[in-house]
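Working notes, beginning with the structure itself.
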Amino acid sequence: MAEFNIAVVAGDGIGPEVTGEAVKVLEKIGEKFNHKFNFTYVKAGGCAIDEFGKCLPEETLEVCKKSDSVMLGAVGGPKWDNVEGANRPEKALLGLREGLGLFTNLRPATMHKALADACPLKPEIVEGGLDIMIVRELTGGIYFGDRGYRQGKYGEEAYDTEAYSETEVKRIAKNAFEVAMQRNKNLVSVDKANVLESSRLWRKTVDEMSKDYPEVKVSHMYVDNAAMQLVRNPKQFDVIVTSNMFGDILSDEASMITGSIGLLPSASMGAGTLGMYEPIHGSAPDIAGQNKANPIAAILSAAMMLKYSFKLDKEAEAIENAVTEVLEAGYRTPDIMSEGMKAVGTIEMGEVIANAIMK
Ligand code: NAD
């Protein structure tokens with residue numbers, strides 16, 4: 001029997017509701033495949049400000065560091081909108097990423113056949129569903145580079161700098177190749193190497209790393225073309241690796257193609273196996289506490305944790321298949337409801353998915 005320690009940072013708003021369902025599903029996986037998952041609940045975000053006066057108490061970070069993985073719900077909400085900058089609930093996320101050394105963001109864009117109607121693209125473009133993984137660099141590039149104001153030729157000007165070291169590119173490229181090896185072994189590295197020096201170093205480093213992964217087919221694409229290809233022919237992509245800013249933009253574009261914010265998981269990884277897994281959505285204060293939130297993004301985040309942190313591919317697939325089955329059977333939370341489907345709440349959706357696993 002394998003045993004795993006999971007820190008649960010449920011957070012605010014719908015965070016505790018959706019992570020509660022993900023825990024329920026993981027317990028079923030434990031039962032079926034004979035694993036033991038130990039959950040330790042810790043606080044971050046608004047609820048931690050209320051209880052400890054800090055968005056990220058030291059104890060939370062310590063528990064997360066000692067765990068095999070971290071499951072996060074969402075943080076923030078109007079109650080804490082006036083908290084001063086450094087202690088805002090969302091700062092807890094940055095603190096966790098930094099404290100846990102997480103520099104890779106994995107954002108899958110998966111479209112379920114049963115929800116094809118929610119996709120804004122023509123049906124023939126996405127026929128058969130979509131399954132893209134965007135691997136975004138998370139702690140470098142222009143969002144963290146040298147910035148400021150100075151006197152320029154036309155008066156005051158502002159500047160931000162994109163800089164990447166070879167080490168930074170190597171470590172994100174390594175994670176991307178590893179992810180490609182667990183999928184269809186097709187990696188597209190996105191850059192702007194026709195204009196940017198930092199992109200030329202990026203491209204060269206990815207090419208060098210490709211020698212260690214001969215099974216992975218690597219190609220390069222300029223970011224402007226990648227943005228176009230994502231809506232023209234998204235099925236050509238398996239794994240995309242790119243810088244912080246390009247990844248920020250492309251991952252939002254890709255998630256729109258799939259139609260619903262309540263369905264998409266994400267992961268942040270570092271150099272080891274510890275990762276932080278969370279839905280891409282926020283704390284949705286407008287529907288919190290009403291049993292209306294879609295727990296599928298949180299449940300699929302748990303599946304990513306099984307796959308990428310614990311290397312439990314079969315178990316991850318069991319969750320993904322259960323989600324597909326339940327959607328095909330017509331179960332819908334309000335955000336994805338359409339005529340003729342079966343309306344359910346957060347708890348019921350979690351239950352039908354958990355039951356589908358045990359079948
Ligand atoms: P949001 O993602 O919370 O909500 C946007 C819209 O999507 C809302 O109408 C909401 O009801 C809906 N929605 C989101 N998740 C859903 C789900 N699982 N099921 C059904 N509907 C869902 O974004 P927002 O409104 O911009 O932000 C709300 C709060 O969340 C803010 O305080 C923001 O800072 C915070 N936030 C946190 C994270 C995070 O913790 N990772 C990410 C984004 C926003």
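It should be emphasised that the depicted structure is a prediction, and the values quoted were computed from it without experimental measurement. Just so you know, ligand 1 is whichever comes first in the structure, and atom 1 is the first atom listed for that ligand. By convention here, the first residue in the shown sequence is residue 1.
The protein heavy atom nearest to atom 43 (C) of ligand 1 is G282 CA, 3.5 Å. Scanning all protein heavy atoms for the shortest distance to atom 8 (C) of ligand 1 gives D286 OD2, 3.5 Å. Remark: minimum distance from atom 17 (C) of ligand 1 to any protein heavy atom is reached at N294 N, 3.7 Å. For atom 3 (O) of ligand 1, the nearest non-hydrogen atom of the protein is A284 N, 2.8 Å. Among protein heavy atoms, the minimum distance from atom 35 (C) of ligand 1 is reached at V75 O, 3.2 Å. Looking from atom 22 (C) of ligand 1 to the surrounding protein, the closest heavy atom is I287 CD1, 4.0 Å. Counting protein heavy atoms only, atom 7 (O) of ligand 1 is closest to I261 CG2, 3.9 Å. Protein heavy atom at the shortest distance from atom 34 (O) of ligand 1 is E90 OE2, 2.4 Å.
Using a 4.0 Å cut-off to heavy atoms of E278, the atoms of ligand 1 that qualify are 41 (N). Of all atoms in ligand 1, numbered sequentially from 1 with element shown, those under 4.0 Å from a heavy atom of A74 are 40 (O). Listed by number with element, the atoms of ligand 1 under 4.0 Å from a non-hydrogen atom of G77 are 32 (O). Listed by number with element, the atoms of ligand 1 under 4.0 angstrom from any heavy atom of L93 are 39 (C), 40 (O), 41 (N). Those atoms of ligand 1 that come under 4.0 Å of a heavy atom in A293, given as number and element, are 19 (N). Near I14, with a cut-off below 4.0 Å to any heavy atom, the atoms of ligand 1 are 15 (N), 16 (C), 17 (C), 18 (N). Shown in contact with G76 at under 4.0 Å from a heavy atom are these atoms of ligand 1, numbered in order with element: 32 (O).
Looking only at side-chain heavy atoms (C-beta outward), F103 and R171 come within less than 4.5 Å of each other.
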TODO: Apply the test side-chain contact (heavy atoms from CB on, under 4.5 Å) to residues F39 and T19: give CA-CA distance (whole Å), side-chain angles for both, the deciding distance (0.1 Å), then the verdict.
DONE: CA-CA 11 Å; F39 299 99; T19 45; over 6 Å; no
Task: Derivation of the side-chain contact (heavy atoms from CB on, under 4.5 Å) call for N87 and W80 - done: CA-CA 10 Å; N87 201 29; W80 304 280; over 6 Å; no
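In this structure, N291 and T346 approach most closely via the heavy-atom pair OD1-N, 2.9 Å. The shortest non-hydrogen separation linking N186 to V216 is N-CG1, 4.4 Å. Between L274 and C64, the shortest heavy-atom contact is CD1-O, 3.5 Å.
Figure legend: R150 and Y159 shown as a cation-pi pair, the cationic atom lying under 6.0 angstrom from the six-membered ring centre and within 45 degrees of its axis.
Checked options I296, I353, V352; the residue passing with Y331 is V352 (criterion: side-chain contact (heavy atoms from CB on, under 4.5 Å)).
For ligand 1, the polar-atom distance check against K292 finds no nitrogen or oxygen pair separated by under 3.5 Å.
Checking side-chain atoms of T60 against main-chain N and O of V42 turns up no donor-acceptor pair under 3.5 Å. Remark: side-chain polar atoms of K342 are paired, donor with acceptor, to backbone N or O of A329 under 3.5 angstrom. In this structure, E98 contributes its side chain and G101 its backbone to no donor-acceptor pair below 3.5 Å.
Note on M276: it does not cluster hydrophobically with I172, by side-chain heavy-atom contacts below 4.5 Å among ILVMFWY residues.
Looking only at atom types and distance, the side chain of N294 has a donor-acceptor partner in the side chain of T333 under 3.5 Å away.
At a 4.0 Å heavy-atom cut-off, ligand 1 touches D335 through the side chain alone.
Of the listed residues (A298, S283, G73, P279), the one carrying the non-hydrogen atom nearest atom 29 (C) of ligand 1 is S283.
By the definition of a contact as any protein heavy atom under 4.0 Å away, atom 26 (O) of ligand 1 is not in contact. Inside a 4.0 Å radius of atom 5 (C) of ligand 1 there is not any protein heavy atom.
Under a 4.0 angstrom heavy-atom cut-off, P285 registers as being in contact with ligand 1.
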